[in-house]
Amino acid sequence: MKQFDLVVIGAGPGGYVAAIRAAQLGMRVAVAERDKPGGVCVNWGCIPSKAILSSAWLYEDMRNAEAYGIRCQGISADYGAVIRRSRKVADRMSRGVTYLFKKNGIELFPASATILSPATVRVGEEEISARNILVASGTAVRGLPGIEPDGRVILTSDDALAQETLPRSVIVLGGGAVGVEFAYVYRAFGADVAIVEMEDQLLPRTDREVAKELEKSLGKQGIRVLTSSPAKGFDKGTRTLTVSSGGKEETVTAEKLLVAVGRKVLSAGLGLEACGVEIEHGFVKVDDRLRTACPTIWAIGDVIGGMMLAHKASAEGVVAAEAIAGKEVRRTDPDRIPACVYCRPEVATIGLSEEEAKRRGIEYKVSKFPFTALGKAVASGHTDGFVKMIAEAKYGEMIGCHILGVGAPDMIAELSLARSLEATFHEIGRTVHAHPTLPEAIREAALMLGGEAIDL
Ligand code: FAD
């Protein structure tokens, strides 16, 4: 039987990063992956969706080119080519993960894994011995009771990322990040789009002011947004979704229904319970060091719940590998993990929303700097949105920042660093930012908190 210090189940952004970090720390590592290396993120999530979004942005820019003094005539989109490009991008990134495994001396088992005991894993037909096992099996698409995806009329995000024909009209069920991004893409290429969300705002739990402003902006683009509207049922014959809205029933009809209401956690059938691992609502329970109730079994990423994001999975991958190596590490505080949405205008957020700061009883100050007052935003023609900063009142520590606007996901990196260093708004405001750049809006929002804003 082959022997490993660590066997990782799943080669998504959690598992593959953990495997590499463990190999760097001198462990003999195996990874079991039943699909393509890279997981959902590389193959059916972050990467292909951003490739498609890049095409949508370019198309939108070309249609608006005349406002910049550029005449583009006869522009048209080939949606099939957009999808084919995104598949190539995903394949290239997946091959990159395979290359990294080779480079780091990690053995890849391209097979399904099950845990036979706290020290043995079956991969395909083979049994291998493991001093430690790391579960990074992630999630898969799912439907809703009575609204089961069929790949034809009722689509999952996997279907939507593969289908080369642009639907004429789409209902997106679920106004989270995935739903909003697809809604933006379909609308940008010309489809009629409605988003149906049961909570009272898009991007539930995001700062309300940001979510409401995004809703307005998507509305201006022609996307119909129905919030506080739980779905009651879908008639496939007439392609009509019934929702309850404000105590009344309403119907929305479209060629396709995209179900983007969350994902199925892949914790069942792995053999975890027999080893004493606790599972709660499908999520694997772990401690602060990402260890389960079974001392040799660890878990990270979407399968343990929390923020279902690739960079959160990767950060946990590093912590788990280091904890297994005996280092004194703890998982990252969720208040220090950014979350982004790549529609236009984009959204990037970190830390507490204003509602959450209130709920926790924190005394805070808040500022909002609009992109209309920023040179780079006006020059580039992207003035929608703002930077909203929240700092606790006594010492001025920045505890939340929420950006709506083009470039927001790239801008949030500075705030992640600021959160990690527990920076105050004084420190952010006194940091010299290059001019003209979009991140100057962050500095201005920080200065505003001290009553020192220059450009507003
Ligand atoms: P996964 O990526 O789900 O990987 C788990 C892997 O385990 C899979 O490859 C699976 O095949 C394998 N596996 C499962 N069971 C077994 C088994 N028994 N044996 C062998 N292999 C197994 N996040 C972001 O941060 N930014 C984004 O822009 C973003 N966009 C997204 C867009 C879409 C459309 C979707 C669906 C998701 C998006 N996400 C995004 C979320 C992100 O993809 C996930 O948070 C991330 O992939 C989770 O990583 P993971 O390693 O935990 O699991």
Side-chain angles (χ1 to χ4, degrees), residues 7-19 30-54 86 90 93-94 97-98 108-116 121-124 128 133-142 155-162 172 174 176-185 258-272 283-284 286 290 299-318 320 337-343 346-348 409 412:
V7 173
V8 181
I9 301 178
Y16 93 76
V17 169
V31 176
E33 173 54 65
R34 63 182 176 198
D35 205 330
K36 286 186 178 169
V40 170
C41 169
V42 165
N43 298 292
W44 299 104
C46 327
I47 299 298
S49 64
K50 269 75 241 177
I52 297 169
L53 278 153
S54 300
S86 76
M93 297 309 293
S94 176
V97 175
T98 307
L108 174 64
F109 290 84
S112 198
T114 27
I115 299 170
L116 301 177
V121 178
R122 183 166 51 226
V123 273
I128 56 178
I133 298 166
L134 178 62
V135 180
S137 50
T139 59
V141 290
R142 71 165 167 88
L155 310 181
T156 63
S157 60
D158 286 5
D159 300 322
L161 288 170
V172 177
V178 172
V180 166
E181 288 180 5
F182 275 110
Y184 168 78
V185 164
L258 171 64
V259 184
V261 289
R263 304 190 41 100
K264 178 171 73 193
V265 188
L266 296 177
S267 58
L270 282 171
L272 289 167
F283 295 111
V284 177
V286 289
L290 302 160
I300 56 167
D302 280 7
V303 79
I304 66 166
M307 295 165 96
M308 310 276 251
L309 293 168
H311 44 275
K312 176 257 191 192
S314 300
E316 288 172 350
V318 171
I337 298 175
C340 303
V341 189
Y342 301 76
C343 51
E346 289 165 289
V347 178
I412 205 74

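In each ligand, atom 1 is the first atom listed, and ligand 1 is the first ligand listed. Note that the structure is a prediction, hence the values are computed from the model and not measured.
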Within the side chain of S137, is there an N or O that forms a donor-acceptor pair under 3.5 Å with the backbone of L266?
yes
Going by the atom numbers of ligand 1, which of them fall below 4.0 Å from some non-hydrogen atom of G14?
51 (O)
Please classify the V303 to ligand 1 contact at 4.0 Å (heavy-atom distances, strictly less than): side chain, backbone, both or neither.
neither
Closest to atom 28 (O) of ligand 1 (judged by heavy-atom distance), picking from K50, M307, E316
K50
Can you tell which of A160, S157, S137 gets a heavy atom nearest to atom 14 (C) of ligand 1?
S137
At under 4.0 Å between heavy atoms, what of C41 touches ligand 1? The answer is both
Under 4.0 Å between heavy atoms, the region of C340 that gets near ligand 1 turns out to be neither
Sub-4.0 Å atoms of ligand 1 with respect to non-hydrogen atoms of L270:
18 (N)
Shortest non-hydrogen pair, L161 vs W44, comes out as CD1-O, 3.2 Å
Which heavy atom of the protein is the closest neighbour of atom 25 (O) of ligand 1, given with residue, atom name and distance?
A310 N, 2.8 Å
Quick one: look up the protein heavy atom nearest atom 37 (C) of ligand 1 and list residue, atom name and how far away it is.
G45 CA, 3.9 Å
Taking atom 15 (N) of ligand 1 as the point of reference, which of H311, R34, R122 owns the nearest heavy atom?
R34
Minimal heavy-atom distance between V284 and A299, with the atoms involved, is CG1-CB, 3.7 Å
Near A136 (heavy-atom distance under 4.0 Å), the atoms of ligand 1 are 5 (C), 6 (C), 7 (O)
NZ of K264: more than 12 outside heavy atoms within 6.0 angstrom?
no
Is it the case that the side chain of S94 and the backbone of P37 share a donor-acceptor pair, with hydrogens and angles ignored and the cut-off at 3.5 Å?
yes
Take every heavy atom of A111, measure it against each atom of ligand 1, and state whether any distance is under 4.0 Å.
yes
Where do Y342 and L53 come nearest, in terms of heavy atoms and distance?
O-CD2, 3.3 Å
Taking only non-hydrogen atoms of D35 and a 4.0 Å limit, the atoms of ligand 1 in range are 11 (O)
Measure T114 to ligand 1 on non-hydrogen atoms and call it side chain, backbone, both or neither using the 4.0 Å cut-off.
neither
So which bit of Y342 gets within less than 4.0 Å of ligand 1, heavy atoms only: side chain, backbone, both or neither?
side chain
One should read off an interatomic distance between I133 CD1 and L270 CG, to the nearest 0.5 angstrom, of 10.5 Å
How close does the nearest protein non-hydrogen atom get to atom 53 (O) of ligand 1, and which residue and atom is it?
G138 CA, 3.4 Å
Do R142 side-chain atoms and V261 backbone N/O form a donor-acceptor pair below 3.5 Å?
yes
May I ask you to decide if K36's main-chain N or O and N43's side chain share a donor-acceptor pair within less than 3.5 Å?
yes
To the nearest 0.5 Å, what is the distance between OH on Y184 and CD on E346?
8.5 Å
Which atoms of ligand 1 are found less than 4.0 Å from any heavy atom of G301?
52 (O)
Closest approach of any protein heavy atom to atom 1 (P) of ligand 1, naming residue and atom
V40 N, 3.7 Å
Can you report which non-hydrogen protein atom sits closest to atom 44 (C) of ligand 1, along with the distance?
D302 OD2, 3.3 Å
Where do E316 and I300 come nearest, in terms of heavy atoms and distance?
O-CG2, 3.5 Å
Backbone, side chain, both or neither: what part of L309 comes under 4.0 angstrom of ligand 1, heavy atoms only?
both
Where V42 and P48 come nearest, the two heavy atoms and their spacing
O-CD, 3.2 Å
Subset of ligand 1 atoms that lie under 4.0 Å from at least one heavy atom of V178
33 (C), 34 (C), 35 (C)
Heavy-atom neighbours of M93 CE exceed 12 at 6.0 Å:
no
Looking only at protein heavy atoms, identify the closest one to atom 10 (C) of ligand 1 and say how far it is in Å.
E33 OE2, 3.5 Å
Which distance, rounded to the nearest 0.5 Å, do you find between the OG1 of T114 and the CG of L272?
10.5 Å
So how far is it from E33 CD to I9 CD1, rounded to the nearest 0.5 Å?
11.0 Å
Which protein non-hydrogen atom lies closest to atom 31 (C) of ligand 1, naming both residue and atom, and how far is it?
C46 N, 3.4 Å
Identify the heavy atoms of P338 and H311 that sit nearest to each other, and give their distance.
O-NE2, 2.7 Å
Proximal atoms of ligand 1 relative to A32 (non-hydrogen, under 4.0 Å)
20 (C), 21 (N)
Nitrogen or oxygen atoms of M308 and ligand 1 under 3.5 Å apart
yes
Who gets closest to atom 46 (C) of ligand 1 by heavy atom: A313, P37, P13, A299?
P13
For W44, atoms of ligand 1 separated by under 4.0 Å from a heavy atom
34 (C), 36 (C)
Report the nearest protein non-hydrogen atom to atom 36 (C) of ligand 1: residue, atom name, distance rounded to 0.1 Å.
R263 NH1, 3.4 Å
Part of E181 within contact of ligand 1 (heavy atoms, under 4.0 Å)
neither
Quick check for you: to the nearest 0.5 Å, what is the distance between I412 atom CD1 and I337 atom CD1?
13.0 Å
Heavy atom under 4.0 Å from ligand 1: found in K312's side chain, backbone, both, or neither?
neither
